[in-house]
Amino acid sequence: MTVAPASPEAIARAAEILRRGGLVAFPTETVYGLGADATLGDSVAKIYAAKGRPSRNPLIVHVGEREWVAGLAIPDGRFDKLARTFWPGPLTLVLNRRPDCPVSPLVTAGGATIAVRMPDHPVARDLLKAVRRPLAAPSANLSGRVSPTRATDIDDQLASQIGMIIDGGPCRVGLESTVLDLTSHPPTLLRPGAIGIDAIEAAIGPVETGHESPDVLRSPGQLASHYAPLLPLRLNATDRRPGEALLGFGPVNGELNLSKEGELAVAASNLFAMLRALDQPAVYRTIAIAPIPNRDIGIAINDRLRRAAAPRPITG
Ligand code: AMP
Ligand code: MG
């Protein structure tokens, strides 16, 4: 495996690896993705194996142009409106698969729907245009763990199974995309992200949010325990208890501060890297986290923190 700084040559080499069925990790504006040609079942199987991801957890398909979606899914007026407003950008849309959709059924976990997104990052877009194939690309982390927002955050165990990592620097947004299911009426928010519900509703009208039923797993982004560091978390902390590392925000100061100025977008882009930095079981027993206001991208930050704090099996 090689780590290559982003360049036209590196992107050409990565495109070749993908065309031959290999895996490439690449930067997007949200987090680093672990990509495979979505039309090659064997390649997609390597993603699930490398991440230890349950095969019932479908993958997002990344496209280089809005027009690619017509060959994969059955778009409607709401899709057109949202894609024209928010793409390229951190909004994933779930649509019905076309009967002749060339994407491997493994990508969509055997289901009738497909999640699509056009990333807003020059490296991701150049790579997609060079491969000229839709890329299945979940976050480049072991299943259930914290998503990487820098090339160096990609776990060694995962990296050893990848043909190449393209280093495009830190991710601007830092949280995974908003996921919106357009197969229901009204549409359903499956995962909050940088594109907020208000902006979506301004474009297409009312959206259903937050029916979290443990029985119906509509999107594993809804899994109770996910995005988790090794150490347990204590949320809404305003002080530091013995054995704790405190991750501050605004006036609540700690070992690190997500944003001293209290800027939520800055906090989002720092969140995963700072959780990693404090995730040291040899030094701390718990990571305590300052309260994050539940507005704008703070809603997505709190969603990830709740899941990271949820009870979970210890997998080390
Ligand atoms: P990740 O790529 O690891 O950020 O996770 C992708 C998210 O998109 C997960 O929460 C998936 O469950 C969700 N997703 C992908 N495809 C679909 C689909 N067809 N229907 C519903 N959710 C999906
Ligand atoms: Mg993920």
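We count ligands from 1, going down the list as the structure has it; atoms in each ligand are counted the same way.
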Quiz prompt | Atom indices of ligand 1 within 4.0 angstrom of I60 heavy atoms, with elements | solution = 6 (C), 8 (O)

Self-check item: Pairwise side-chain contact, L23 with M164, heavy-atom cut-off 4.5 Å (strictly under)
Solution: no

Quiz item: Among the heavy atoms of T108, does any lie under 4.0 Å from an atom of ligand 1?
Solution: no

Quiz item: Does the shortest distance from the Mg ion (ligand 2) to an N/O/S atom of S139 fall below 2.8 Å?
Solution: yes

Quiz item: Name the one of V63, V61, T30, V179 that satisfies side-chain contact (heavy atoms from CB on, under 4.5 Å) with R117?
Solution: T30

Quiz item: Hey, is V94 touching ligand 1 through its side chain, its backbone, both or neither, going by heavy atoms under 4.0 Å?
Solution: side chain

Self-check item: side-chain contact (heavy atoms from CB on, under 4.5 Å) partner of L72, the single match among D100, V103, T39
Solution: V103

Exercise. Output, in order, the C-alpha distance, side-chain angles, deciding distance and verdict of side chain to side chain donor-acceptor pair (under 3.5 Å) for R97 and T108.
Key: CA-CA 9 Å; R97 274 180 75 119; T108 49; 2.8 Å; yes

Self-check item: Under 3.5 Å: N/O of K51 near N/O of ligand 1
Solution: no

Quiz item: Which heavy atom in L18 sits nearest to a heavy atom in L40, and how many Å separate them?
Solution: O-CD1, 4.3 Å

Practice problem: Answer yes or no for G111: is there a heavy-atom contact with ligand 1 below 4.0 Å? | Solution: no

Quiz item: E176 to ligand 1: N or O pair under 3.5 Å?
Solution: no

Quiz item: If hydrogens are left out, which of T113, L190, N141, T183 has an atom nearest to atom 19 (N) of ligand 1, that is, the closest non-hydrogen atom?
Solution: T113

Exercise. Report, in ascending order of atom number, the atoms of ligand 1 lying under 4.0 Å from any heavy atom of L59.
Key: 15 (C), 16 (N)

Exercise. Compare R97, R191, R53 and give the one whose heavy atom is closest to atom 4 (O) of ligand 1.
Key: R191

Quiz item: Under 4.0 Å between a Lys/Arg side-chain N and an Asp/Glu carboxylate O for R172 and D120?
Solution: yes

Quiz prompt | Sequence-distant partners of E16, side-chain hydrogen bond (donor to acceptor under 3.5 Å, both in side chains), two or more places apart | solution = R19, R20

Practice problem: Have a look at ligand 1 and work out which part of R117, if any, has a heavy atom under 4.0 Å from it: side chain, backbone, both or neither. | Solution: neither

Quiz item: Of all the atoms in ligand 1, which lie at a distance below 4.0 Å from a heavy atom belonging to P138?
Solution: 2 (O), 3 (O)

Quiz item: Is a side-chain donor-acceptor pair under 3.5 Å present for N57 with R53?
Solution: yes

Between side-chain atoms of residues 86-95 and protein atoms elsewhere (two or more places apart, or another chain), which donor-acceptor pairs fall under 3.5 Å?
from : atom 1 : to   : atom 2 : distance (Å)
W87  : NE1    : L91  : O      : 2.9
T92  : OG1    : S177 : OG     : 2.8

Quiz item: Taking only heavy atoms of N57, which atoms of ligand 1 are found under 4.0 Å from at least one of them?
Solution: 9 (C), 11 (C), 12 (O)

